[in-house]
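As a basis for the values below, the full set of heavy atoms in this structure was taken, side chains included, without hydrogen atoms, waters or symmetry mates. Proteins come first, then strands; the chains are lettered A, B, ... in the order of their sequence lines, and each starts at number 1.
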There are 2 protein chains.
Amino acid sequence: MAIGRSPSVKDVAAAAGVSLGTVSNVMNRPEVVSPATRDRVERAMAELGFVRNESARQLRAGTSRTLAYVMLDGSNPFFHDVAQGIELAAEDADLALFICNSNARADREALHLDRLMQQRVQGVLITPVDPESAHLADVARRGIPIVLVDRVAPGEFCSVAVDDVLGGRIAVEHLVEQGHERVAVIGGPESLGQMRERLEGARQFWAEQGLPPEDLTFMPTAAMTVAEGRSAGERLAGIPARRRPTAAFCANDLLALGLLQQAIGAGLRIPDDLAIVGFDDIEFAAAAAVPLTSVRQPRQELGKAAAQLVLEEAAAATHRHRQLTFTPELVARASTRSH
Amino acid sequence: MAIGRSPSVKDVAAAAGVSLGTVSNVMNRPEVVSPATRDRVERAMAELGFVRNESARQLRAGTSRTLAYVMLDGSNPFFHDVAQGIELAAEDADLALFICNSNARADREALHLDRLMQQRVQGVLITPVDPESAHLADVARRGIPIVLVDRVAPGEFCSVAVDDVLGGRIAVEHLVEQGHERVAVIGGPESLGQMRERLEGARQFWAEQGLPPEDLTFMPTAAMTVAEGRSAGERLAGIPARRRPTAAFCANDLLALGLLQQAIGAGLRIPDDLAIVGFDDIEFAAAAAVPLTSVRQPRQELGKAAAQLVLEEAAAATHRHRQLTFTPELVARASTRSH
DNA sequence: CACGGCGCCTGAAACATTTCAAACACTCGA
DNA sequence: TCGAGTGTTTGAAATGTTTCAGGCGCCGTG
């Protein structure tokens with residue numbers, strides 16, 4: 001019971017009266033060691049409180065048994081649901097999962113990536129600040145498989161995302177079905193490929209219906225946060241009633257929640273005065289005072305698929321990057337449905 | 001540029017025409033190597049794209065440069081804010097942070113702890129499923145510093161938490177100040193020490209004011225989730241109006257959000273028909289349709305302090321467990337304040 | 001009895017890094 | 001000219017694990 005340092009295989013071997021190799025075999029290929037010996041070794045391990053040293057194991061193996069996920073924004077539950085999916089897949093593959101959070105800052109992202117390379121992780125799942133960053137390409141060049149989550153970069157990387165054009169389309173389609181003729185699309189910044197596609201989907205449908213383009217207003221925001229949603233609400237309120245949109249499609253749920261809060265505070269009735277559609281369908285969307293209609297992303301599946309993709313890339317000798325696209329789905333709730 | 005395996009110090013040494021030791025010195029004690037040599041080595045490293053192998057480093061050092069946080073419930077933003085605080089502290093100490101999620105399941109928690117021991121992490125921050133679990137004590141016995149977050153176990157572990165009795169007290173104090181004479185306390189399960197203390201604080205204040213005990217109703221829930229909040233709202237609605245509480249103190253914000261949603265859906269005006277106080281003050285509390293009054297925990301500070309505590313324990317040869325207690329603070333918003 | 005085969009176990013090498021005593025090359029002062 | 005001191009570099013050892021070629025003893029068969 002004297003604990004100077006934690007016991008090693010050597011100590012176990014000595015205690016059990018066998019060689020190092022045998023102890024290792026007990027752990028890794030129990031079938032090749034005789035039951036009697038195995039028993040003796042296992043008893044010794046228990047007695048000494050032996051715990052494998054993962055560093056040594058990794059050193060020998062050359063690669064760690066670890067996956068990493070670099071989250072873009074820890075305060076958005078969407079990414080946690082994705083993380084959950086990744087974790088499930090990692091567990092299936094008996095891998096540990098390292099979760100980092102770049103908080104949308106490129107320097108922190110770079111720091112994390114550096115560390116992950118030093119750890120020799122098996123693969124990196126990431127929603128990057130900028131999919132075209134040199135640092136990211138650097139990591140890939142060193143042979144570490146990378147999969148983009150909720151972002152795409154055809155040719156460069158594997159990725160997992162939903163069809164954002166379709167997402168934008170079904171959101172606006174739903175609003176038009178409910179009889180709305182003036183709709184605002186809220187989100188940004190426009191540099192986000194995702195944002196551009198959702199907007200494009202909305203415009204496509206609008207055009208196909210032969211509706212006047214000026215009745216689909218794009219209201220850009222600086223970020224996709226609750227606060228920006230509120231301020232978009234204020235801008236919306238400033239529009240003269242005759243021309244004001246009767247419905248808003250927000251590019252994520254945080255925006256939608258902010259907008260909802262501002263609108264209710266201003267005395268608007270939802271959905272009668274203003275209908276709202278969000279995007280992502282995070283849990284808090286359903287939990288809002290007026291439950292939020294939202295374009296659902298299969299969040300867990302996204303994570304799972306990403307993990308599988310990265311493992312595939314890690315295993316395959318030769319590999320072609322693949323872009324996996326999931327189909328979003330509209331979940332209608334009270335924020336667009338007048339009973 | 002031929003990459004079979006990633007280059008090691010040996011390769012760098014060869015390329016720079018120096019010995020292994022010198023390369024190591026360049027990285028770890030640059031002041032002892034001559035500028036000319038240092039330059040040559042650094043150039044070689046850049047050229048080869050050398051990346052330190054953290055496993056080997058750890059193996060030699062005997063301990064990793066990693067902290068771990070085992071979250072209780074990934075779907076509760078409270079824990080992410082704590083994680084954020086931990087991450088900041090870890091970064092200051094130049095440590096990596098391993099984030100795991102037990103999802104309130106003891107088996108997953110045990111799995112994570114096992115893995116963390118194998119990784120030889122420097123310390124573990126955890127909100128355990130059960131603070132008295134044998135597994136936890138096991139880890140501690142192996143000399144890995146453990147700090148409980150948002151839980152306490154005097155004598156056994158270091159911990160960081162808020163004064164829950166006080167928290168319960170100020171919540172109810174606020175409601176009484178607003179003129180409420182019948183109050184419900186909602187939360188559970190009662191096996192949670194935290195819950196018992198918040199309830200006790202509420203009762204203490206109530207008694208001190210000489211208010212009739214039967215007017216402070218405890219409504220137990222099976223968990224602290226949005227869904228449970230909704231169902232508590234239904235139970236509340238079932239009470240005859242004459243005896244029904246005019247205010248509710250929920251033991252966390254998720255419950256409060258659920259209750260708020262149910263109440264609004266049932267046509268109640270908040271706070272006139274029902275005032276609501278939550279606990280934690282997560283961001284979504286302020287973002288609710290009716291912004292939620294809440295007992296604020298200093299979430300980030302909690303995390304930071306926990307990280308510092310674990311580092312302290314890791315550094316000190318001799319150590320006495322400490323219980324850090326923070327002071328909660330009431331943040332009044334529209335859910336209790338009739339303008 | 002000899003020999004091949006089998007089951008079980010051993011010993012040594014290898015992984016990439018850090019550390020540390022010792023060596024080396026210089027310079028300066030006596 | 002020798003010795004001490006200084007600044008720089010080296011070489012070897014050590015960390016804990018896995019792997020793998022080989023060894024030992026035993027059984028059954030020829």
Check whether any side-chain heavy atom of Leu67(B) lies under 4.5 Å from a side-chain heavy atom of Leu311(B), and answer yes or no. yes
Carboxylate-amine/guanidinium proximity below 4.0 Å for Glu313(A) and Arg322(A): no
Would the distance check show the side chain of Asn101(A) and the main-chain N or O of Asn103(A) forming a donor-acceptor pair, the cut-off being under 3.5 Å? yes
In terms of side-chain geometry, is the basic nitrogen of Glu87(A) or Arg108(B) positioned less than 4.0 Å from the acidic oxygen of its partner? yes
Lys/Arg-Asp/Glu bridge criterion (N-O < 4.0 Å) met for Arg115(B), Glu54(A): no
Passes side-chain hydrogen bond (donor to acceptor under 3.5 Å, both in side chains), Gln297(A) versus Asp280(A)? Steps please. CA-CA 5 Å; Gln297(A) 299 206 49; Asp280(A) 290 349; 2.9 Å; yes
Pairwise side-chain contact, Ile144(B) with Met117(B), heavy-atom cut-off 4.5 Å (strictly under): yes
Looking only at the side chains, is there a donor atom on one of Ser6(A) and Arg120(B) sitting less than 3.5 Å from an acceptor on the other? yes
Taking atom CD of Glu283(A) as the centre, does the number of heavy atoms from other residues, nucleotides or ligands within less than 6.0 Å exceed 12? no
For a quick check, with a 4.0 angstrom heavy-atom cut-off, what is the B/S/- contact string for nucleotides 6-16 of chain C, read 5' to 3'? --SSBB-BBBB
Do Pro128(A) and Glu109(A) have side-chain heavy atoms sitting under 4.5 Å apart? yes
Roughly how bent is the helix from dC1(C)-dG30(D) to dA30(C)-dT1(D) end to end, in steps of 10 degrees, with each end axis from five pairs? 70°
Walk along DNA chain D from 5' to 3' and tell me the first and last nucleotide with an atom closer than 4.0 Å to a non-hydrogen atom of chain A. dG16(D) to dT19(D)
Rounded to whole angstroms, how far apart are CZ on Arg65(B) and C1' on dT17(C)? 15 Å
So which protein nitrogen or oxygen atoms get under 3.5 Å of nucleotides 23-28 of chain C's nitrogens or oxygens?
none

Partner set under side chain to side chain donor-acceptor pair (under 3.5 Å) for Arg320(A), not counting sequence neighbours: none
List in chain and number order the residues that pass salt bridge (charged side-chain N to carboxylate O under 4.0 Å, His left out) with Asp138(B), two or more places apart in sequence or in another chain; answer none if no residue qualifies. Arg141(B), Arg142(B)
